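Okay, structure first, notes after.
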Amino acid sequence: MVLHAEVVVVGAGMFGAAAAKYLARSGADVLVIGPGQPPRDGAPASLAAFGAHHDEARIVRRLGWDRVWGTLDTRSADRMRALEAESGIGFLTECGALALMGKGVRDRTAEMLRLSGAAGVGVEELSGTALGREFPDLALPPVAGGVDGLLERHGAGYLNPRLLVQAQLRLASAAGARLLTGQVAAVRKDLSPHGRWLLRGTTADGVAVRARAERVLVAAGALVGQSGALPVGSRLDLHAYTEPNLLFEVAAGERERLRALPTVVVVDPEDRGNDNLSVYLLPPVRYPDGKWYVRLGPGMQPLVRELRTAEETLAWCTGGTITAEQARFLTAMMRTLIPALEPVSVRPACCVVDKTPTRHPYIGPLGPLGPGGHDGHDGLFVAVGGNGHGARGSDEIGRLAATLVLGGEWDFPLPREVFEPVAAPLPRTSGADRPAYLTPPFGLC
Ligand SMILES: Cc1cc2nc3c(=O)[nH]c(=O)nc-3n(C[C@H](O)[C@H](O)[C@H](O)COP(=O)(O)OP(=O)(O)OC[C@H]3O[C@@H](n4cnc5c(N)ncnc54)[C@H](O)[C@@H]3O)c2cc1C
């Protein structure tokens with residue numbers, strides 16, 4: 001099968017689906033290539049089939065760690081209800097979002113409040129007593145010096161990422177985008193004058209596919225460097241990490257009570273290795289097995305490991321089990337935050353997050369990357385690097401990517417250089433150059 005398109009989007013995940021919608025709405029002839037959703041809770045069959053959107057809940061809030069994230073998240077969140085109405089697919093649950101900020105980052109907290117206030121985002125500061133009154137099931141974590149509670153009540157809570165991707169793809173299709181269920185195995189440029197981009201891959205049924213395009217947007221997620229979505233020799237400075245989660249099944253009797261909880265993120269600034277208390281927690285969410293689970297995940301403590309090779313990554317994604325150290329930490333944190341919870345059962349989830357040294361997504365043209373550099377990358381763009389919290393800002397990230405691919409006017413309040421993709425440096429050899437994202441505070445998941 002040979003296909004032609006003005007723009008091929010590689011990856012139909014959170015960023016790719018949003019970008020495809022905006023590209024198609026701008027009149028571009030768009031082909032999106034990405035694997036379909038795996039069977040619910042099923043392990044991915046290949047690295048290209050891994051998607052961070054294959055789950056039921058991702059935290060939504062407008063309050064941002066910095067102005068970049070705050071703006072991405074606010075612009076996206078402001079459009080979510082309209083997106084639901086246009087697509088006919090509901091995905092947002094407004095239960096509120098609570099950030100428990102260690103007092104040690106008081107300056108950061110004050111700046112976050114200043115920025116959200118300036119953007120018109122309603123965030124309440126709640127004392128420990130007020131939090132105890134409003135959320136009697138929630139205990140405050142013993143972060144040194146205590147925590148400040150920042151509660152966003154409206155338009156915040158969690159979204160269903162599978163359904164948001166479905167909604168974006170439905171709207172992309174309605175605007176004329178073509179969707180191909182399959183995966184890309186190789187991307188290269190025909191270097192003859194006016195040469196096109198050539199993509200090689202397979203459909204879900206194993207049929208070989210070739211596609212030719214004027215421009216390519218690679219939105220292949222955390223495993224972009226491992227899944228065949230970049231031209232040979234191109235390496236982004238983007239790192240994949242294990243993201244162990246535990247799902248605590250909630251008994252029917254407790255469910256209604258606990259559903260009053262907001263989403264919670266704890267920011268512990270103390271650099272105490274695995275004793276750092278940074279975590280995120282989702283209130284009971286219904287999973288495809290019909291059961292309700294409270295879900296808990298870590299910050300970037302040392303128990304979170306980097307996935308450096310394709311073999312390691314596949315073993316993690318398909319293994320179905322987290323380490324004993326990770327399970328101990330997550331269980332202890334659950335007991336700390338919801339002491340009264342008596343889970344009916346507990347099960348692990350093996351996810352992957354990506355991190356960039358800028359701590360922001362990469363959105364833009366892929367320059368001459370790789371050792372020694374090489375050219376011929378005109379027309380190749382990326383939208384990757386959600387840094388573990390890209391779901392809530394994905395609509396704006398996709399819009400910005402589409403703007404750049406089509407050469408449109410940059411209308412984001414911060415310069416486009418903020419999102420400039422960074423080429424990979426030589427591989428790290430020791431812990432001496434520990435990247436900032438592995439040092440607390442880890443930010444707002
Ligand atoms: C456990 C966990 C919890 C998280 N919690 C939050 C949260 O609370 N709030 C929040 O905002 N964000 C959260 N995130 C982050 C968020 O889910 C990601 O930032 C977001 O999904 C990134 O979107 P993406 O498009 O870059 O990647 P993805 O959504 O993973 O999409 C990438 C797509 O590309 C496809 N692909 C890869 N290679 C190829 C190829 N070669 N050919 C074709 N297709 C390919 C994949 O199959 C996938 O569908 C969380 C992530 C994880 C893992």
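Fair warning: this is a prediction, and the values are worked out from it, not measured in the lab. We use all heavy atoms of the structure for the numbers below, so side chains are in, but hydrogens, waters and symmetry mates are not. Counting convention: from 1, in listed order, for ligands and their atoms alike.
With hydrogens and angles left out, the side-chain atoms of D395 and Y22 include a donor and acceptor closer than 3.5 Å. Side-chain contact of H4 with D29: a donor-acceptor pair under 3.5 Å is absent, judged by distance alone.
When heavy-atom distances to ligand 1 are checked against 4.0 Å, the residues falling inside are V10, G11, G13, M14, F15, I33, G34, P35, A48, A49, F50, G51, A52, H53, R58, I59, Q183, V184, A219, A220, G221, S227, A229, E243, N245, Y280, C351, V352, V353, G386, G388, H389, G390, A391, R392, ordered by chain and number.
E396 is linked by a salt bridge (Lys or Arg N to Asp or Glu O under 4.0 Å) to R75, R79, R399, counting only residues two or more places apart in sequence or in another chain.
Counting only residues at least two apart or on different chains, the side chain to side chain donor-acceptor pair (under 3.5 Å) pairs with a member in residues 293-305 are D55-R295, N245-R295, N276-Q301, Y287-R295, D289-Y293, Y293-R347.
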Extract all donor-acceptor atom pairs below 3.5 Å that involve side chains of residues 206-218 and protein atoms in other chains or at least two apart in sequence.
from	atom 1	to	atom 2	distance (Å)
R215	NH1	V405	O	3.0
R215	NH2	E6	OE2	3.4

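Geometrically, R108 engages W65 in a cation-pi contact defined by less than 6.0 Å to the ring centre and at most 45° from the axis.
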